[in-house]
Participant: 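Following this message is one structure expressed as structure tokens.
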Amino acid sequence: MDDNEDDITPAQVVADMRTAWHSESVSPCLLQSRLELVHCLVDQIEEMDKNLMTVQDRTHIKVSLHRLELQRLNYMINSYMRLRLKKIEENPIFLLEKHKEGIEKNKPPLMSEEELKFAHRFATAQTSVFSSTITQHLPASLARVPVPSEDLSVERVFISVESDDVEDVAVPEGDDPNSELLLPMQRENIYFLPLLSILPALEKNQVRLL
Amino acid sequence: MDSEICDFLAGDELIEVIPNFTSGSIQLIGGDMGPFEAGLPVEVPLWIGINLRKRMKCVLKVPNWLLIDCLKDLITLENESNSLLQLPSLHFFEIAHIVVRDFKEDLQDGDQVKTLIQDLWDKREAKIRSSTLKFLKQSTYKSAQMDNIQQIEITQMRGPLIAATRNTERLLQNKHSTQN
Amino acid sequence: MAPRFSELREAHSGGENVTHVDLAIAPDGKEFATCSKDGSVWVWKIDSFNDLEPPAIHEVADGTHSTLCWREHLYMGVTTTDLVTNIEKRSLSRLSADPMMIDKTLMLFAMEINSIDVSKEYIVAVCSDCTLKKAPLADTTNYEKIEFDGQPLSVAIDPLEKFVAVTCTDGTLSVYPVVGIDRLAHFERLFRSFGDIGPRHTRAQVRWSSDGSFLYVATQGSVRVVKVDEWELLNARLSSDELKEEIFSSLALSTSGKYLAAGTLNGKICIWETATKKLITMTEHRHKGSLMAISSLAFDPANDSNLCMADIKEGVSILYQALDKKEVPAPTNFSRVQADLSDDEDNVITRPRRSKFLADEAMGSGGNSPSANFGNEDENTRMSVDLGAIKRQFGQFDNLEDDIDSREMTMGRSNYNQQPVYSGPPVVTFKPPILPKYFPSGGVPERTTDGHKHKNRYLKWNRFGVIRYLKNDDGCLIEIEYHDVSISSEISIPNDETKYTMGDLCAKAIVLANRPKKEDQSSELLVINLLTWDREKTRWNVKLPVGEIAVDVLVTDTLIAALTEKGNIRVFSLEGTQRQIISHAGVLSTSAAFGDTVAIVSPFGGPQWMEDESDEVVPFYAYQVTIYDIKQRNSHLSDVPLSKTVPLPVGKPGGKVFWMGFTNRGNLVSMDSSGCVRLLSPSDLWIPIFDGAARLMSISDSIWPISIIETPKCEIRYAYCRGSKVPLMEMRLVPTTDKWELPVCDKGSDKTKLEGELLLNELKMTLNGIVGEDSQTLINEHSKALIQLFTLALKMEREGRAVELTQFSVSSKAVQALIKYAAKQNRGFLVDKLTTLGNELQEKNEEDEGRRRPSTISRPAPVLVETRQRDADEIRGFPEIGPKKVVLKKRESAFSGEATLMALNRSRQPQHQEDGENEKHLDEVTQHTDTTLNTQAPVPYTDTPKANPFSKNGDFTQPPSSANSSLFEQLDSPWDRKRARDKETPSSTPQPKQARLAFGSSNKENAGAYGKWYSANEVRLRKDFRGEEIDFEKFCAQSFRMLTPAQKKEWKARVEQE
């Protein structure tokens, strides 16, 4: 509710958006949706645009600076959306499943409403293309296109530790998959490690991807 | 993520410029800056600085760490230690590059600065490369700690490194699955 | 006549190389030849040498070995390269005279030939490969070779052709027979041995006397004499005391044999009379100002007085009148013998009075004096007193320090009749202190403290821009650059003719001035008026009357002032009309101007004396500043004094004024030499507002003030100069900004911070004036700080201090707040005290209001603040654009997000209150508030943090806008009941329960009463209240609360009546 939430300043929104975009661009998997930030920023941009239209003196330096900022924000937002959509396109059905699982577990949503719709449509379109071209010609037992699952175990990422007192992260050893190595996490440490080991901390925003 | 995005992100870093105009403060979405007073240094994000410079409306106040003496010290320190040195800015190389390119009139001895930065880059890259190779040669450790590495350096070596580690991981998994 | 040099001619490579140059006189005596390393022989005519007749240059070989000998034929060491085999050949060759070229190669050598000598029948040469070859001229293939330990330097055949003398780099001198290789004599350690031959080392030349009975060799510190046949080094040397440190290198014997000339590596040329071994003259040779080692010498055969010389930088010259001594007026008791003494330049102590006493002294001091033998050796020397001996004699008198020693000797000498010797501290004539020179405030003076001139300097650097004075070989230039390019772009003025050395600039005009060079010329002013109507004529000049030399020029928005040496202030209007001429009493020290005011600092009274850190007694001056109010209009109407003089504090005794200026509101500020900046308040008190010394990182750094700002924030802008007192152009400095800081004690604690704030606030209030624009804010801030101090005092259980603090309040509101707080703390006794005090203060204030007197000197009107760019923005219709406030929408928010956002947006916008555009929104909301109150919405009136001074955090730093927004959030959007209900939960700042309940309940009951009361009293309330619109509601609410319960009942009753 409103009480728990401090009124957030636009500057903070921009900063959060930047982090979200940065993380999304380096993450091998789709991260949770932060589309509310996008909506917010779009709002801001439109408002600012309107304001700028009303200004008489078009040549004033402030005008150009404002416009430049809008361009930067636009770029950031667009890029963010594009990255996410690209990831969705790669494997829409799987992601839809993942999204549903996430909701059941009460986690924050993986995709926003619009993205869900997009995923649905894309998946449907994909299946229909497949069916019209291939699957309908195949015998029933084969008329299935498997949904590739996501194997995050091979992924590694760079992370930077953001907050203090993060628990040590357990990284499996190469030689003996049963034993683990504990890595101490101190602020400003930078690690290169398997994604799965760091996923919990990532979700808690204790580390950020580089 | 590529180096252009790094450059873009570096654009948000703050630098000090000296405007030659006076104006009230400007409320951008990303924050407030100003007021601008002619002749007085003011902190602005790098992208604003570049824009103002292009319009000949400001002069850069070169950050301390881009002065030749400081660069030389950094290089010495980098030489002395085996691990990577913590650089004065998270976007050290990007900012240096932009300053040398867009603010070259404000920089004294731009050529020397360029050479020193290049020197520093090479040293760090060499360290990173050697340690990466060592890392890839072994399979015991799946993680590595690389404090003080810069974003742009990560970006540069991410591609091959990730591809290599994916493969090694797969091989390891195969190995373990066959062993069991 | 003294010996004088001819013009120095540069030979061979023109002085580019440093190498030995050998010199030989032609057999006919009319010319001489020089050779260096470059393979050419330059032949100079002696007679026409000084007429700069060009020499004859002959290229003879690829390289020459800096050695030649000219008897009948010219013999040289040369290097030739065989064209076919490309092998270099070093040979001793004979050259024909005309054309000058090698006609016969006599001997071949492995390395360079160092020296050659030729007699009638023999030739000898020494080479760097440590060998000597000698052969009869007739048959040079039949040579004898002698090996040495070191490289032989110089060789000479005696006139009787019996002996050959050789010196080597190992410091030795050897004599061999002309025919035969058995060594006849060997002398060691004549000079310091060295390794490589070169122009920096001695050539150690040897010369035979014309009768062959003596051999002279140039050694270290003297020219030594060897007696032939006995082969003994004579103790008697050719030297003198000054020459003991010299390294003699080259020798020359006059053709008459009477004189021997020697050159040293320090450029000295000494000439002795061989017979008497007396030093006749000593001259110094300089090549382009610096002493240059002599490479070779030769006497003019025709005239013993002319000495040809060449130095190691290939400079060739002839020393004329080499034998003449400087003319000295001989005192009466001088004998002629004395007159022969050396007369060199450094002859401080060279005039020993001839007296029997002296001669005896010189003779007979026994073994102490090494020159005793000298005297004994040669009868003639009895009369020629060795200067060194004399010095030494006198030196033996005393063992005091050197300077006293020499002085003593001087004094002793000059009055040598057994006067008592003066011993004591050096007598220094008293020099009375001179008044300090004028220096421009904000400009770099011409000369640095150590005395040398700045080449490029800032004529002025103030808050508008810089004026640079640039001087290089191309000429002189003045550059004027404004910080804000919208005022003007950079202006460059060539300054070769006009030679401006002073200047000032402001937003409207620039002025430059010069000092006249000659007596009958006058100072000229150039003014560039930037904001003139007349586009064509932006510049004008004026010449000050002859005799009025400009010392400084100042410019403000309304006038231009030129200060002259005579102490006159000449005022011109910006367009060039002369308006005032005022004389200033006192020596000008520095000055500043603002608006219609000109302030001049002068020293006051005479010098005062004190001991400084090094216990020296130094003079210092007291300073005073005279402030002139220069009326350009209606000066005839003014009969009040327009000038006042205020003493100027300069810190510790001994301090000086470093800078003076005005704030941007027109108050005088000055900085002393210790870095403390002081502001002259309108009540004529000097208040220190900034301590520059605290900012310095090292002693050699300094703060250089650029401007002091009063509005909008109290700041000081300065340039931090590292390692220098003034900013130098090379340093490319950037101004730093700092806040004013009164030097309160104990900076760390909260209490002193608050005290400092209070002081600063009070200062700002005085600066602001009684009815200034910011008075209400200042009063509020003052009250805030005071209340905080009060609470601190109570925390520390210092009730007395608390009571005292109440006295310092500036508004009755504050007093009431304090009383309330005390009441809340249940300090009944205190409350009573405070109440009585409050009443007293109230009465006192009313009295004071009546008694306040206007100031006599009108302060520069606050109107003279420069229009800020923001105003310019608004003029252009540029509204303040800002982002709207944001609420992150959750996925399924309970609220209609849009509505919320809209409401919030409206509430956020009042933040930009200067903006007319948003005023309507404000009114809307205000009215909204009113209706809310009237319609009894069940919303408790929670105090905003701003109006709540009793919150534990004491957090007053939220800007009014955010407080407003929370207020409006609470009161706003009546359609959003849910949110309203949420707001009922207590907010973070602790509310005094009492207050809330009181109002809350009264609100429920008295909401109507309030409304009634409000409408009735609205006009009065609005008049009473001064401040922001937003605070008005609170003010009304508070005022309502101040009513007694009886009054409230009354209103309530009234409502119910309706």
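Remember, predicted model here, so these are calculated numbers, not experimental data. Each chain gets a letter, A, B and so on, in the order the sequences are listed, and its residues count up from 1.
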Participant: Around atom NZ of B:Lys175, are there more than 12 heavy atoms of other residues, nucleotides or ligands at under 6.0 Å?
Facilitator: yes
Participant: Apply side chain to side chain contact (heavy atoms under 4.5 Å, CB included) to the pair A:Phe192 and B:Thr165, showing each step before the final yes or no.
Facilitator: CA-CA 11 Å; A:Phe192 173 68; B:Thr165 50; 3.8 Å; yes
Participant: Could you please spell out the steps behind the side chain to side chain contact (heavy atoms under 4.5 Å, CB included) verdict for B:Leu161 and A:Arg156?
Facilitator: CA-CA 9 Å; B:Leu161 184 60; A:Arg156 305 218 189 150; over 6 Å; no
Participant: Less than 4.5 Å to any heavy atom of chain A: does that hold for the side chain of B:Phe8, its backbone, both, or neither?
Facilitator: both
Participant: With side chain to side chain contact (heavy atoms under 4.5 Å, CB included) as the test, would you mind laying out the steps for B:Ile5 and A:Tyr75 before giving the verdict?
Facilitator: CA-CA 11 Å; B:Ile5 297 188; A:Tyr75 168 67; 4.1 Å; yes
Participant: Return the CG to CD1 distance between B:Leu52 and A:Ile61, rounded to the nearest 0.5 Å.
Facilitator: 5.0 Å
Participant: Taking atom CZ of B:Arg101 as the centre, report whether more than 12 heavy atoms of other residues, nucleotides or ligands fall under 6.0 Å from it.
Facilitator: yes
Participant: Ignoring hydrogens and geometry, is there a side-chain-to-backbone donor-acceptor pair from A:Glu69 to B:Gly30 under 3.5 Å?
Facilitator: yes
Participant: Side chain, backbone, both or neither: which part of A:Pro28 has a heavy atom under 4.5 Å from chain B?
Facilitator: neither
Participant: Side chain, backbone, both or neither: which part of B:Leu172 has an atom under 4.5 Å from a heavy atom of chain A?
Facilitator: side chain
Participant: With a sphere of 6.0 Å drawn around CG of B:Asn64, does it hold more than 12 non-hydrogen atoms of other residues, nucleotides or ligands?
Facilitator: no
Participant: Would A:Glu173 and B:Lys142 satisfy side chain to side chain contact (heavy atoms under 4.5 Å, CB included), going step by step from the backbone distance to the final call?
Facilitator: CA-CA 6 Å; A:Glu173 265 201 18; B:Lys142 290 197 191 176; over 6 Å; no
Participant: Any idea which heavy atoms bring B:Gln27 and A:His66 closest together, and the distance?
Facilitator: O-CE1, 3.1 Å
Participant: Quick one: what part of A:Glu188 sits under 4.5 Å from any heavy atom of chain B, side chain, backbone, both or neither?
Facilitator: both
Participant: Below 4.5 Å from any heavy atom of chain A, which atoms of B:Gln138 appear? Answer side chain, backbone, both or neither.
Facilitator: neither
Participant: Looking only at heavy atoms, what is the nearest atom pair of A:Lys62 and B:Ser23, with distance?
Facilitator: CE-OG, 3.4 Å
Participant: Quick check for you: among B:Met146, B:Lys57, B:Arg170, B:Gln173, which has the greatest number of heavy-atom pairs under 4.5 Å with chain A?
Facilitator: B:Met146
Participant: With chain B, which of A:Leu193, A:Asn189, A:Leu181 has the greatest number of heavy-atom pairs at distances under 4.5 Å?
Facilitator: A:Asn189
Participant: So what's closer than 4.5 Å to chain B heavy atoms on A:Val154: side chain, backbone, both or neither?
Facilitator: both
Participant: Within the 4.5 Å heavy-atom criterion, are A:Ile190 and B:Gln145 side-chain neighbours or not?
Facilitator: no
Participant: Give, as side chain, backbone, both or neither, the part of A:Ser153 having an atom under 4.5 angstrom from any heavy atom of chain B.
Facilitator: both
Participant: Tell me whether A:Glu167 at atom CD has more than 12 heavy atoms from other residues, nucleotides or ligands lying less than 6.0 Å away.
Facilitator: no
Participant: Enter the distance from A:Leu73:CG to B:Ile29:CD1 here, rounded to the nearest 0.5 Å.
Facilitator: 5.5 Å
Participant: If you round to the nearest 0.5 Å, how far is CG of B:Asp12 from CZ of A:Arg18?
Facilitator: 4.0 Å
Participant: Roughly how far apart are B:Leu9 CG and A:Ser25 OG, rounded to 0.5 Å?
Facilitator: 7.5 Å
Participant: Based on non-hydrogen pairs under 4.5 Å, which of B:Pro45, B:Ser143, B:Gly11, B:Gly31 is most in contact with chain A?
Facilitator: B:Ser143
Participant: Can you tell me if B:Lys123 has over 12 outside heavy atoms packed within less than 6.0 Å of its NZ?
Facilitator: yes
Participant: So, taking the atom named CE in B:Met157 and the one named CZ in A:Phe158, what distance separates them when rounded to the nearest 0.5 Å?
Facilitator: 4.0 Å
Participant: Drop me the distance from B:Gln151's CD to A:Leu210's CG, to the nearest 0.5 angstrom.
Facilitator: 5.0 Å
Participant: I'd like to know whether CD of B:Glu105 has more than 12 heavy-atom contacts from other residues, nucleotides or ligands below 6.0 angstrom.
Facilitator: yes
